[in-house]
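Structure, as structure tokens:
Remember, it's 1-based here, ligands and their atoms both numbered in the order they're listed.
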Amino acid sequence: MFGEQKVSYSGVQPSGNLTIGNYLGAIRNFAEYSAQYKTFYCVADEHAITVRQVPAELRRRTYETVALYMACGLDPAQNTLYVQSMVHEHAELAWILNCFTMFGELSRMTQFKDKSARHTDNINAGLFTYPALMAADILLYQTDVVPVGIDQKQHVELCRDIAERINQIWPGLFTVPEPMIPQNGMKIMSLADPTRKMSKSDENPNAVVYILDDRDTMIRKFRRAVTDSGSEVRYAADKPGVANLMTIYSCFTGKSMEEIEREFAGVGYGEFKLAVGEAAADALAPVQRRYTELMADKAGLEAQMKKGAEEASWYARRTLAKVKKKMGFVQLS
Ligand code: TYM
């Protein structure tokens, strides 16, 4: 709660092209909150540099992510959309939270374990303390709800623990946030290996469907998706490939698993996979059209980034000032 307002906060790293996992697990759910909550959605460029980035690409993807937020239905008049590095309070609060976050807690984060195994030549301190920066993002805005996919739940839970620890010393300093995980689409799996999460950093482009893939590419990727032995379209734990495709189809069409099973009864996987590809392409076509228009106006995007950063700073400054005072840092008037 910021004053009387309930707050929804989330973020996306501009560390690769955004996938339908990012869309279904997170971004498309962000807009739901804007009627009742004050909403902040950031482009987490400071998180992105925990893995080595090409600066020009990071810059380009930052513009793209702001444009995608808007193309996915986030109206900047109703949602504060901004770039994390433009609000310096994030890095400042992250330092303070680092001093309230335990080495053991950070060591248990599965994302750290995965990423440090994948980037053995660059296990930097930022990768390790990444959840403290994410906690700073969330706590600066006195956030009530954090809409994310299931892979970020552990980080939001650590953020809650940090907030509760600090609130024990200074009651009420932070709102303790709640992760909001969608029932359907919380973890979209790779099309090449349905036991692994679909990830924007996957080296195999056929494993991942990007929000901006053109219609033919999307349909081709779904047609090649790994299914299972058998030929029945049935939602079951021993059929992870088919279950993943059914989830994607369900998210894009709003149909239940039973309806999907009925629709494709007696039909082979080929026809089913084509239908999933078409449903995804149909649903994303308006997003892509709007994205192309927005990207053609770079000055317009920069104006939105500036407005968003100013709005976010107003809130961030207030929380940080309160925190610094509690810490015992001298405040000059
Ligand atoms: P990131 O950039 O990895 O992912 C952005 C959002 O997409 C969700 N997601 C998925 N959901 C379903 N299926 C998938 N295959 C899939 N892949 C990704 C993620 O759960 C996430 O919600 N640390 C965060 C970014 C961040 C943040 C924050 C989030 C920075 N500060 C504050 C919430 C609050 C991250 O790396 O997300």
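Applying the 4.0 Å criterion to heavy atoms of G25 picks out, from ligand 1, the atoms 11 (N), 12 (C). Under a 4.0 Å criterion applied to the non-hydrogen atoms of I138, ligand 1 contributes the atoms 32 (C), 34 (C). Listed by number with element, the atoms of ligand 1 under 4.0 Å from a non-hydrogen atom of V146 are 33 (C), 34 (C). In summary, the atoms of ligand 1 found under 4.0 Å from a heavy atom of G185, numbered by their order in the structure, are 12 (C). Contact atoms of ligand 1 toward Y9: 32 (C), 34 (C) (distance under 4.0 Å to a heavy atom of the residue). Of all the atoms in ligand 1, the ones that sit under 4.0 Å from a non-hydrogen atom of A44 are 30 (C). Heavy-atom contacts of H47 reach the following atoms of ligand 1: 30 (C), 31 (N) (cutoff under 4.0 Å). Within the listing of ligand 1, atoms 29 (C), 33 (C), 34 (C) sit less than 4.0 angstrom from a heavy atom of S10.
For a threshold of 3.5 Å applied to N or O pairs, the pair formed by M134 and ligand 1 contains no separation below that value. In terms of N/O distances under 3.5 Å, ligand 1 is approached by I188.
Atom 6 (C) of ligand 1 has as its closest protein heavy atom A26 CB, 3.6 Å. Protein heavy atom closest to atom 3 (O) of ligand 1, with residue, atom name and distance, is K200 NZ, 3.6 Å. The protein heavy atom nearest to atom 19 (C) of ligand 1 is D151 OD1, 3.3 Å. At the top of the distance list for atom 10 (C) of ligand 1, counting protein heavy atoms only, stands G21 O, 3.4 Å. For atom 31 (N) of ligand 1, the closest non-hydrogen atom on the protein side is D137 OD2, 2.6 Å. Ranking protein heavy atoms by distance to atom 21 (C) of ligand 1, first place goes to Q152 CG, 3.9 Å. Among all protein heavy atoms, the one lying closest to atom 23 (N) of ligand 1 is Y130 OH, 2.7 Å. N22 ND2, 3.1 Å is the protein heavy atom nearest to atom 18 (C) of ligand 1.
With a 4.0 Å heavy-atom cut-off, ligand 1 is reached by no atom of V156.
K306 and E310 are joined by a salt bridge, as a carboxylate oxygen and a charged side-chain nitrogen come within less than 4.0 angstrom of each other. Ionic pairing of R317 and E92 is not present here: no N-O contact between side-chain nitrogen and carboxylate oxygen is shorter than 4.0 angstrom.
Residues N79 and Y33 form no side-chain contact, since every pair of their non-hydrogen atoms from C-beta on lies 4.5 Å or further apart.
Checked by atom type, the side-chain pair D151/Q111 shows no donor-acceptor distance below 3.5 Å. Under 3.5 Å, the side chains of T62 and D45 contain no donor-acceptor pair of N or O atoms. Of the N and O atoms on the side chains of R318 and Q142, not one donor lies less than 3.5 Å from an acceptor on the other residue. In the model, E259 has no side-chain atom that pairs as donor or acceptor with a side-chain atom of Y249 under 3.5 Å.
With atom 12 (C) of ligand 1 as the reference point, the heavy atom nearest to it among E46, M189, K153, M186 is part of M186.
Figure legend: K38 and Y141 shown without cation-pi pairing, the cationic atom not lying both under 6.0 angstrom from the six-membered ring centre and within 45 degrees of its axis.
When all heavy atoms of A281 and R215 are compared, the closest pair comes out as CB-NH1, 3.4 Å. For L284 against I20, the heavy-atom pair with the smallest separation is CD1-CG2, 3.7 Å.
Taken to the nearest 0.5 Å, the OG1 atom of T227 stands 11.0 Å off from the CG atom of L191.
In the displayed structure, I49 atom CD1 is contacted under 6.0 Å by at most 12 heavy atoms of other residues, nucleotides or ligands.
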